[in-house]
Amino acid sequence: MRDIGIKVVRIGEFAWSRLEPKPGDLQFDWLQQAMDTLHTHELKIVLGTPTATPPRWVLDKHPDMLAIDEHGKQRNFGSRRHYCFSSRAYREECDRITTLIAKRFGQHPGLLAWQTDNEFGCHDTILSYSNQALEAFRTWCRERYGDIQKLNDAWGNVFWSMEYTSFDDIDAPVSTVTEANPAHTLAYWRFSSDQVASFNKLQVDILNRHSPGKPVSHNFMGFFTSFDHHQVSRDLDIATWDSYPLGFLARDITDENEKQTWLRTGHPDSVAFHHDLYRGCTGGRWWVMEQQPGPVNWAPYNPTPLPDMVRLWSWEAFAHGAEVVSYFRWRQAPFAQEQMHAGLLLPQGGEATAAAQVRQVNEEIAQLSHCELYNDKAPAAIVMDYVGLQMQAVQQPADHSQHALTYTLTIYSALRSCGLDVDVVAPEADLSGYAIVCIATSTYLSESLTDKLNAIDGNVLLFPQSGSRTTEFSIPSNLPPGHGQSLIPLRVVQVDTVPKDFRWQLDNQMVASEWREMVVSEIAPHTHFADGWGCLYEHGKTTYINARLNSASLVHVLQPILAKHAITATHLPRGVRTRRRGNVQFLFNFGPDSFTIDTKTCQALGVTPSTTLLLGKHDVPVAGMAAWERTD
Ligand code: GAL
């Protein structure tokens, strides 16, 4: 590991059956030896709590700790994440093992940080419909609404005679004849998100108590919105995430052309988007805990990356502010579920293809040791609202390829193709100082958010569905965008959704798909749909974008705004992306063509051809990168 340049090693996250093979039979010496060995070799350790994989005896002891799926089926032992977040007995087992591990290893000199559990929600494990979950949900409803009539009113239960007379009448929103009340579904999501947060916090508190001063992290996933990550992050010191660019492309991007183009590089924005999202989760400290080092095993197909991609992905993470990039996994496992998953080593121990790239990155890091790699506020921000995303998912037309998160990625791509760095922030974040703030997923627009938006100098872009629901999932009494009307005087009177291949061609080359809103306002729109309805409304510093415009059309919308803020926009080729960190300017080429940095790009990036080129050359091949030292 030292030879390749590894400095941080995560261990233990699935090791419960070896740490405690029988109830109370603690076998910690092997872990002690492993940690001592790593420490002797100056490798820092991240220790995972083993709660994502309870051994067989734990569930023999507590058979009702298993999750139940939406069809009433138990999710059994034999893989991982076989627990229900609401199981009280399982929480006690987790408390116990976490306390024992924290007490034994919390002061180990090699310990750098903790990781709670592993990937909350992986394999669709947030929602459970067990008896204990239902009981906890009823309690949650009681605490939130106080009075059953208040709940009936909030959810609109008079519709279809769904009114309850007691909190004990409430079931989970599954197995209904047709769709359950979306307010009910949303409440169950909120409840489940709270369960994840409290499950995590139990461990964080124990770790803080017995291992003071050691930061606690959790490894989040990509394209995953089944709980509120901002909420969970409030209890963490470091947000980390697991970056599998080719796996995400095959699994989460629906456009077939994109899949072909980026087959071996990954989508040029999807990973960067998550870097910016997780940086925003703690407002600073974040890592990549698992970086794909070759083909993975879990996507519909698993291509090998282009030869230099592991280096590019590593540098991309550092360029976005990562403190650590760790690779999954060290050695390819010759047994069990992940035999087809590459590691840095082959199953028998020789180096796999990515090892040389990791060594190279390590040498290059040393070359940049004199640089100042701080994180500045970006010129643009996207406000990420997990509850709002869930609201859009609850009532999404079935034909839509674009989950609201994917449309957020389209907005992100538009900003990034103009050469802008972007912060992805929580609704509670300080929004002052941004030239552009995009409200993409705030389906409920709170007054505190609109007050904040009214107070900033930057331009505000409101995207479709902003403020289209109250916090309890009904249409606001003043019509959408609800409180957003304090930013721009208009009302959405009708929504028009169409099959995913349908396109609205607007009269100035702009194109929209899937979703548009018919707006009534005194404001004259910028352009019109063929049937006469307006598109794009502007009032002072606010623009309401009342249709899902594609990325190129969004660039048209952005250009005058950028000019107003004296931001020089570059028009970067499809697969070229830039990112500034401190006094270093990075450029990455995802292809499909090689890229030569010309004077215009240099100007826009604030570097001159003679500025010190730290890494790479002016000709940047596909899967290549360059980095300059900025002098401004
Ligand atoms: C992650 C997980 C790892 C491993 C990896 C495979 O979801 O945290 O344990 O399964 O994916 O890509």
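These numbers were taken from a predicted model, which means no experiment stands behind them. Just so you know, residue 1 is the first one in the sequence shown, and it goes up from there.
No hydrogens or angles considered: a donor-acceptor pair under 3.5 Å links the side chains of Arg104 and Gln32. The closest side-chain donor-acceptor pair between Trp287 and Glu323 falls under 3.5 angstrom. For Asp228 and Ser193, the side-chain atoms include no donor-acceptor pair closer than 3.5 Å. Inspection of the His108 and Asp36 side chains reveals an N or O donor paired with an N or O acceptor under 3.5 Å. Between Glu119 and His218, the side chains place no donor N or O within less than 3.5 Å of an acceptor N or O (distance only, hydrogens not considered).
Heavy-atom contacts from other residues, nucleotides or ligands closer than 6.0 Å to CZ of Phe335 number 12 or fewer. Other residues, nucleotides and ligands place more than 12 heavy atoms under 6.0 Å from the NZ atom of Lys259.
Residues Gln367 and Leu614 share a closest heavy-atom pair of NE2-O, 3.6 Å. The two residues Glu258 and Leu249 have their closest heavy-atom pair at O-CD1, 4.1 Å. Gly121 approaches Met221 most closely through the heavy-atom pair C-CE, 3.7 Å. For Leu420 against Pro379, the heavy-atom pair with the smallest separation is CD2-CG, 4.1 Å. Smallest separation of non-hydrogen atoms from Ser326 and Val8: OG-O, 4.4 Å. Of all the heavy atoms in Thr578 and Gly419, the pair that sits closest is OG1-O, 3.7 Å.
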(request) Verify side chain to side chain contact (heavy atoms under 4.5 Å, CB included) between Glu428 and Arg234, making sure each step is shown before the conclusion. (result) CA-CA 12 Å; Glu428 296 75 32; Arg234 273 177 223 129; 4.0 Å; yes
(message) Under the criterion side chain to side chain contact (heavy atoms under 4.5 Å, CB included), I'd like the reasoning laid out for Leu562 against Cys418: C-alpha separation, chi angles, the key distance, then a yes or no.
(response) CA-CA 9 Å; Leu562 295 177; Cys418 295; 4.1 Å; yes
(message) Pair Glu13, Thr49 - check side chain to side chain donor-acceptor pair (under 3.5 Å), show working.
(response) CA-CA 5 Å; Glu13 77 278 18; Thr49 63; over 6 Å; no
(message) Evaluate Trp286 against His320 for ring-ring contact (aromatic ring centres under 6.0 Å, His included), listing each step before the verdict.
(response) CA-CA 10 Å; Trp286 73 279; His320 285 256; 7.5 Å; no
(request) Decide yes or no on side chain to side chain donor-acceptor pair (under 3.5 Å) for Gln585 and Arg630, but give the supporting numbers first. (result) CA-CA 6 Å; Gln585 180 66 54; Arg630 294 178 66 120; 2.6 Å; yes
(message) The test is side chain to side chain contact (heavy atoms under 4.5 Å, CB included); show your working for Arg18 and Gln27 and say whether it passes.
(response) CA-CA 7 Å; Arg18 291 293 175 98; Gln27 303 282 341; over 6 Å; no
(request) Please lay out, stage by stage, how Val557 and Leu549 fare under the test side chain to side chain contact (heavy atoms under 4.5 Å, CB included). (result) CA-CA 10 Å; Val557 178; Leu549 296 178; 4.0 Å; yes
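Note that the CD atom of Gln203 and the CG atom of Asp235 stand 11.5 Å from one another [nearest 0.5 Å]. Considering CG of Asn257 and CD of Gln260, their distance stands at 7.5 Å, rounded to 0.5 Å. Taken to the nearest 0.5 Å, the CG atom of Leu615 stands 12.0 Å off from the CG atom of Leu587. Interatomic distance, CG of Leu554 versus CD of Gln559, reported as 11.5 Å (0.5 Å rounding). Between atom OG1 of residue Thr570 and atom CG of residue Leu605 there is a gap of 6.0 Å, rounded to the nearest 0.5 Å. A distance of 8.5 Å separates CG in Asn208 from NZ in Lys201, rounded to the nearest 0.5 Å.
Partner of His341 under the ring pair (Phe, Tyr, Trp, His ring centres under 6.0 Å) criterion, chosen from Trp330, Phe328, Tyr327: Phe328. A side chain to side chain donor-acceptor pair (under 3.5 Å) with Asn219 holds for exactly one of Asp117, Thr116, Asn118, Thr240; it is Asn118.
In this structure, the side chains of Cys438 and Val383 stay at 4.5 Å or more apart for every pair of heavy atoms. With a 4.5 Å cut-off on side-chain heavy atoms, Phe590 and Asp269 do not count as touching. Two residues are said to be in side-chain contact when any heavy atoms from C-beta on lie closer than 4.5 Å; Val422 and Tyr434 fail this criterion.
For Lys377 and Asp423, the salt-bridge test fails: no basic side-chain N is under 4.0 Å from an acidic carboxylate O. Between Arg359 and Glu351, at least one side-chain N (NZ, or NE/NH1/NH2) sits under 4.0 Å from a carboxylate O, which counts as a salt bridge. Salt bridge status for Arg577 with Glu316: absent, with no side-chain N to carboxylate O gap under 4.0 Å. Using a 4.0 Å cut-off between a side-chain N of Lys or Arg and a carboxylate O of Asp or Glu, Arg581 and Asp376 do not qualify as a salt bridge. Using a 4.0 Å cut-off between charged nitrogen and carboxylate oxygen, Glu338 and Arg80 count as a salt-bridge pair. Using a 4.0 Å cut-off between a side-chain N of Lys or Arg and a carboxylate O of Asp or Glu, Lys214 and Asp237 do not qualify as a salt bridge. Classification of Glu364 and Arg311 as a salt-bridged pair holds, one side-chain N sitting under 4.0 Å from a carboxylate O.
Distance alone, capped at 3.5 Å, is enough to place a donor-acceptor pair between the Arg579 side chain and the Ala319 backbone. Judged by distance alone, the side chain of His618 and the main-chain N or O of Ile597 form no donor-acceptor pair under 3.5 Å. Formation of a donor-acceptor pair under 3.5 Å by the Trp313 side chain with backbone atoms of Thr265 is found in this model. Proximity of a side-chain donor or acceptor of Ser233 to a complementary backbone N or O of Leu236 within less than 3.5 Å is not detected. With hydrogens and angles disregarded, a donor-acceptor distance shorter than 3.5 Å links the side chain of Asn589 to the backbone of Asp593. Side-chain N or O atoms of Arg580 include one that pairs as donor or acceptor with a backbone N or O of Gly582 at under 3.5 Å. When atom types are taken as modelled, the side chain of Ser413 and the backbone of Leu409 share a donor-acceptor pair closer than 3.5 angstrom. Distance alone, capped at 3.5 Å, is enough to place a donor-acceptor pair between the Ser217 side chain and the Trp114 backbone. No donor-acceptor pair closer than 3.5 Å links the side chain of Glu20 to the backbone N or O of Ser17. A donor-acceptor contact shorter than 3.5 Å links the side chain of Gln357 to the backbone of Val310.
Checked against the 6.0 Å centroid criterion, the rings of Phe199 and Tyr83 qualify as a close aromatic pair. Aromatic pair Tyr386/Phe227: ring centres not closer than 6.0 Å. Taking the six-membered ring for Trp and the full ring otherwise, His274 and Phe220 have centroids separated by 6.0 Å or more. A distance below 6.0 Å separates the ring centres of Trp315 and Phe586. A distance below 6.0 Å separates the ring centres of Phe28 and Phe105.
Between Trp298 and Phe248, the angle of the ring planes lies from 30° to 60°, which puts this pair in the tilted group. Below 30°, between 30° and 60°, or above 60°: for Tyr412 and Phe273 the angle between ring planes is above 60°, a perpendicular geometry.
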